[in-house]
**Q** 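Can you read through this structure? Questions will come right after.
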Amino acid sequence: MCGEVRPEHVGRRVALAGWANTRRDHGNLVFIDLRDRTGICQIVVNPERAPDAIGAAHEARNEFVLRAEGEVVARAPEAVNPALPTGEVELQVERLDIVSRSTPLPFQLDEEGVDETLRLRYRWLDLRREKLQRNIALRARMVGVIRRTMEEAGFLDIQTPILFKPTPEGARDFIVPSRLHKGRFYALPQSPQILKQLTMVAGFDRYYQIAICFRDEDLRADRVQEITQLDVEMSFPDQEFLFGLMEETFARIWRECIGVEIERPWPRMTYGEADRRFGTDKPDTRFRLEIEDASEVTRSSQFGVFAAAAAVRFLRVPHVYSRAELAHLEELAREWGAKGLAYVVRDRSGEIRSPIVKFLSTAELDTLAVQPGETLLFAAGEWAQTSRVLSALRLHVGRELGLVDEDAFAFLWVTDFPMFEWDDDEARWSAVHHPFTRPSAEWEKCFADDPGSALAHAYDIVVNGNELGGGSFRIHEPDMQAKVFDILQLSPEEQRAKFGFLLDALAMGAPPHGGIALGIDRMTMVLAREPNLRDVIAFPKNQAGVDPMSGAPSEVAPEQLAELGIRIVAPQPTARPPG
Ligand code: ASP
């Protein structure tokens, strides 16, 4: 292969095939960097030695496919290219064939800042770039390690259907009309959750799958509609075994793919603790800067905003902020839902600068204990709101002040999630994980009495502020499952229609079971240190859910719609303001 030629091959006759990466035509000599998946090798065409080859060399253009035969020779010392692994040698061409040509390129492979839509439109070219070649290969290697680890641990790869019924994971379903049963629809699974549980009821004991999950979500920068996950389930689940297996899987991936040793066992933190200390269920623990709570001492504060707030919490930032910097932080805090940003700055000489300090009592100031060189940034309001604002502020400040160790991988487990959360829009409870998650042991008997406080036997894997996966122990008792559906306000009829088969299965000898799923796309992002989710997916859609390459989603022929019994309702013309 092009990238594999080395000094030890000098004197050997070889044939290399690949793409013309670059070409330097000196008239008498032509140099071509020939590229394949493994790298680049310089080939040299000298008209005196290879009169038959020089024509092809002149004619070749970037991204033509060439095949070159010749002898590997050592480069003169001054011609060695230390940037290339093959840089000490080159191929002295004897024969050169143009195997395939290319039309002029919409962009050059080494061009920086090419518009992403253009890159996606010509994805086959984009994928030839070094970074994408690396990301996609890394992903494949990672999946290889995953498969080996799961197989060694006795897990069976069982495929589950794509055309199925809704399996809720909290997103909207993609639905597929049935031609044979007009008026009926399949749903694409949001995850194989119910099916993997059925493999346990079916006696397979240990299941895994690299599964594609479809979630019709409004797209954000870090979301796609088709996610790939490592999906895992086991009967008679043992949390220590499962956590150990996942830590082992990650450790092997990190070791074998990027040569990094991950420290184990990972720390564990309850959801409550993560919320208290970091304001989020996916804390970035690469740096400290933890949230502190002043709610108690400010309850009787002279500062009205503090006194009126259910929660007053703050970040103790080791930096003396200027007025302009604080104004900017306040702007950000407002974007994250704060009404304002109270602060206390104490400069290095000990002087305090703060519009609120005159309202604070000695007791309050003693508790806050602001040190020279510190700024306290406050959020006041409902607890959840202070969490949201301070967690975002924490990440911003951490990054801005360089507190984050960018080389570190800080893994942890977050456990003991709430079982339900109140959905204001729908005015009912919804499942935090999914409706098949069992309550924690203490809540098994009483979760229905106080759904808002009930805890679930659920856990997430978090690294550097990213949630990489999550899972839970499941409900295997039909009564308990029906009770959860009741809390979610599914009528008995709906329960039968949507989940009757699951309830039936649970009633026919279901072993206790539990599992987890890991997001392969996100894992690759973290592993490759790649900020763009689409750059770890070979053929992604853009942020509008469109594939600029194929044009999907596209219209279908009227005959096809007729066969499906579907009529398109024309979108309402939007009213335009006059003029
Ligand atoms: N089905 C869950 C998910 O896709 C994972 C699990 O509970 O195993 O997030």
Side-chain angles (χ1 to χ4, degrees), residues 146 150 153 155-162 164-174 187-201 204-217 222-239 241-243 245-246 249-250 271 281-282 413-421 430-440 455-463 466-476 481 484 488 498-499 502 506 510-523:
I146 289 176
M150 296 310 292
F155 285 75
L156 232 48
D157 177 1
I158 304 177
Q159 218 177 332
T160 54
I162 298 297
F164 194 56
K165 256 175 103 100
T167 297
E169 294 280 357
R172 224 176 259 126
D173 288 312
F174 277 101
L188 306 183
Q190 290 183 35
S191 87
Q193 183 59 37
I194 298 178
L195 292 155
K196 71 172 168 178
Q197 290 188 233
L198 295 183
T199 65
M200 297 299 106
V201 181
F204 286 107
D205 199 53
R206 290 184 180 193
Y207 145 100
Y208 88 98
Q209 182 180 195
I210 307 290
I212 303 183
C213 306
F214 303 88
R215 301 180 186 178
D216 188 359
E217 309 200 71
D222 64 343
R223 298 251 162 168
V224 283
Q225 295 176 320
E226 287 168 63
I227 53 171
T228 309
Q229 60 184 31
L230 163 64
D231 201 40
V232 177
E233 195 74 5
M234 69 182 292
S235 293
F236 301 100
D238 168 343
Q239 181 171 297
F241 171 83
L242 195 68
F243 280 23
L245 178 66
M246 289 301 111
T249 306
F250 276 93
Y271 169 90
D281 57 1
K282 42 180 183 181
W413 290 98
V414 179
T415 63
D416 299 85
F417 281 80
M419 228 178 142
F420 303 102
E421 66 194 339
S430 67
V432 168
H433 190 53
H434 51 54
F436 318 109
T437 298
R438 76 182 299 108
S440 63
L455 295 180
H457 194 156
Y459 32 76
D460 273 0
I461 293 176
V462 173
V463 65
N466 299 285
E467 181 207 322
L468 290 189
S472 62
F473 280 24
R474 327 296 185 188
I475 299 167
H476 64 275
Q481 185 63 74
V484 168
L488 301 175
K498 290 188 171 156
F499 303 113
L502 174 67
L506 296 182
H513 55 283
I516 193 164
L518 310 181
I520 300 275
D521 311 288
R522 291 263 182 101
M523 280 168 74

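Every number for a ligand or one of its atoms is a count from 1 in the order of the listing. Reckoned from all heavy atoms, side chains included, excluding hydrogens, waters and symmetry mates.
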**Q** Applying a heavy-atom cut-off of 4.0 Å, say which part of His433 lies close to ligand 1: side chain, backbone, both or neither.
**A** side chain
**Q** Can you figure out which of Gly470, Gly170, Ser191 has its heavy atom closest to atom 5 (C) of ligand 1?
**A** Gly470
**Q** At under 4.0 Å between heavy atoms, which part of Arg215 makes contact with ligand 1: side chain, backbone, both or neither?
**A** side chain
**Q** Output the list of atoms in ligand 1 that are nearer than 4.0 Å to some heavy atom of Gly471, sorted by atom number.
**A** 6 (C), 7 (O)
**Q** Starting from atom 2 (C) of ligand 1, find the nearest protein heavy-atom neighbour and note its residue, name and distance.
**A** Glu169 OE2, 3.3 Å
**Q** State which residue, out of Asp460, Leu455, Thr437, fulfils the side chain to side chain contact (heavy atoms under 4.5 Å, CB included) condition with Phe417.
**A** Asp460
**Q** Is ligand 1 under 4.0 Å from a heavy atom in the side chain of Lys196, in the backbone, in both, or in neither?
**A** side chain
**Q** For ligand 1, which is the ligand I care about here, please tell me if Asp231 has any N or O atom under 3.5 Å from one of the ligand's N or O atoms.
**A** no
**Q** Under 4.0 Å from a heavy atom of Ala517: give me the atoms of ligand 1 that qualify, with their elements.
**A** 5 (C), 8 (O)
**Q** Check for a donor-acceptor pair, side chain of Lys196 on one end and backbone N or O of Tyr208 on the other, with a separation under 3.5 Å.
**A** no
**Q** How close does the nearest protein non-hydrogen atom get to atom 7 (O) of ligand 1, and which residue and atom is it?
**A** Arg474 NH1, 2.7 Å
**Q** Would the number of heavy atoms belonging to other residues, nucleotides or ligands and lying under 6.0 Å from CZ of Phe204 be above 12?
**A** no
